[in-house]
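Written below as structure tokens is the structure these notes are about.
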Amino acid sequence: MATFETKIGTGSPYTSYALKVFSEADNFVVKTSIALLFAFFTIVLKFVFSHSAHLFLGRYGRTHRIVGAIYLCVLLIGVIDLSFHELNHLYYDIILGVLGTTVTLTAAHDFRNHKYVKNVASGILEKDSTVSHSEMVEHSFYQILNLVQSLYLHTQAFLVTCSIGKYKDSQVCFLMRKDPEETGFVVSQLGFSFAF
């Protein structure tokens with residue numbers, strides 16, 4: 001089976017230059033994205049702190065307020081971790097998905113009088129409209145869908161790690177092989193097959 005290096009030719013002087021250019025461009029994009037995310041989250045936190053008494057200390061919808069505050073704290077931890085890379089991202093994504101679903105379901109529970117809301121447009125597209133109960137429940141579906149998609153992506157990364165990473169001889173990776181005698185398995189993603 002031909003590897004990436006043999007297909008593009010490692011002996012070519014352009015190969016190392018192209019990889020260096022892509023690496024530098026990728027590094028610039030990542031750093032710029034993180035800086036923009038920090039700037040956005042700083043604006044959000046400024047608004048949240050200036051309105052925290054109104055957002056989190058009211059009696060009406062208290063469970064939704066508490067879970068929303070915890071959700072914002074977990075998001076803040078994730079943004080800060082972009083600089084330190086200390087989190088286990090699988091656990092973080094599971095916690096974030098469960099909290100996101102919980103935020104929407106507590107909103108549907110705490111604001112159940114929104115069952116009777118009749119908006120002219122869907123959602124909050126108009127100035128005088130508010131989120132209806134059914135839209136809150138619908139948002140929980142999308143939070144669950146985000147969690148499932150995150151777990152799928154972590155599974156894909158795990159399969160690649162099993163095949164080429166330091167854990168490829170671990171018991172879990174061994175059980176996932178097509179044939180225990182086989183030294184690798186095939187990972188299929190986006191229509192491309194990679195044999196390891």
Side-chain angles (χ1 to χ4, degrees), residues 30 33-34 36-38 40-45 47-48 51-52 54-126 129-163 165 167 170 172-173 175-176 185-192 194:
V30 168
S33 299
I34 290 172
L36 290 173
L37 183 62
F38 272 114
F40 172 74
F41 211 76
T42 302
I43 294 168
V44 170
L45 286 179
F47 177 82
V48 167
H51 295 85
S52 61
H54 174 70
L55 289 172
F56 302 115
L57 300 179
R59 292 181 65 195
Y60 183 67
R62 182 163 287 165
T63 55
H64 176 65
R65 294 171 191 265
I66 292 169
V67 174
I70 294 169
Y71 186 70
L72 280 174
C73 290
V74 171
L75 281 174
L76 178 62
I77 290 168
V79 170
I80 292 170
D81 183 62
L82 290 173
S83 297
F84 300 108
H85 306 290
E86 295 295 324
L87 288 177
N88 180 322
H89 292 284
L90 173 62
Y91 295 141
Y92 178 79
D93 289 343
I94 290 172
I95 291 168
L96 199 63
V98 169
L99 276 174
T101 304
T102 306
V103 166
T104 59
L105 291 176
T106 56
H109 178 265
D110 289 352
F111 305 109
R112 51 185 169 261
N113 61 340
H114 285 231
K115 288 180 182 178
Y116 309 107
V117 168
K118 300 289 183 212
N119 290 322
V120 176
S122 175
I124 53 172
L125 298 176
E126 290 191 3
S129 63
T130 186
V131 179
S132 68
H133 182 267
S134 63
E135 289 169 330
M136 293 178 202
V137 173
E138 179 184 355
H139 292 165
S140 70
F141 167 76
Y142 289 114
Q143 288 292 332
I144 292 169
L145 195 60
N146 284 339
L147 176 60
V148 170
Q149 181 180 15
S150 175
L151 292 174
Y152 170 76
L153 293 173
H154 279 286
T155 303
Q156 289 294 316
F158 178 73
L159 290 175
V160 170
T161 302
C162 275
S163 59
Y167 302 111
S170 73
V172 175
C173 293
L175 294 174
M176 295 177 67
F185 56 92
V186 175
V187 176
S188 177
Q189 184 176 3
L190 300 175
F192 300 101
F194 304 95

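These numbers were taken from a predicted model, which means no experiment stands behind them. Nothing fancy with the numbering, it's 1 onward along the sequence. Keep in mind that the numbers below use all heavy atoms, side chains included, and drop hydrogens, waters and symmetry copies.
- Counting heavy atoms of neighbouring residues, nucleotides and ligands inside a 6.0 Å radius, atom NE2 of H154 exceeds 12 of them.
- Looking at Q143 and L105, their side chains never come closer than 4.5 Å, going by heavy atoms from C-beta outward.
- Here the CD1 atom belonging to I66 is positioned 7.0 Å from the CD1 atom belonging to I70, to the nearest 0.5 angstrom.
- For the residue pair N88 and L90, the shortest heavy atom distance occurs at OD1-N, 3.0 Å.
- Here the CZ-CG distance, from F47 to L55, works out to 6.0 Å after rounding to the nearest 0.5 Å.
- When the shell of 6.0 Å around CZ of F56 is examined, it contains more than 12 heavy atoms from other residues, nucleotides or ligands.
- Nearest approach of L147 to I94, heavy atoms of both residues: CD1-CA, 3.8 Å.
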Could you go through V137 and S140, starting from their C-alpha distance and side-chain angles, then the distance that decides it, and tell me whether this counts as side chain to side chain contact (heavy atoms under 4.5 Å, CB included)?
CA-CA 5 Å; V137 173; S140 70; 4.3 Å; yes

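- Checked by atom type and distance alone, the side chain of R65 pairs as donor or acceptor with a backbone atom of H54 at under 3.5 Å.
- Here the straight-line distance linking atom OG1 of T42 with atom CG of L37 works out to 9.0 Å at 0.5 Å rounding.
- Of all heavy-atom pairs between T101 and T104, the closest is O-OG1, 2.8 Å.
- Atoms CG and CZ, on L45 and F38 in that order, are 11.0 Å from each other to the nearest 0.5 Å.
- For CZ of F84, the number of neighbouring non-hydrogen atoms (other residues, nucleotides, ligands) closer than 6.0 Å is 12 at most.
- A donor-acceptor pair under 3.5 Å is absent between the side-chain atoms of D93 and the main chain of S150, judged by distance alone.
- You'll find the side chain of I34 stays beyond 4.5 Å of the side chain of V79, heavy atoms only.
- When all heavy atoms are compared, the tightest approach of L75 to Y92 is CA-OH, 3.6 Å.
- Between L96 and Y71 the shortest side-chain heavy-atom distance falls below 4.5 Å.
- At distances below 3.5 Å, not a single donor-acceptor pair connects side-chain atoms of R62 with backbone N or O atoms of D110.
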List the steps and the verdict of side chain to side chain contact (heavy atoms under 4.5 Å, CB included) for D81 and H89.
CA-CA 10 Å; D81 183 62; H89 292 284; 3.4 Å; yes

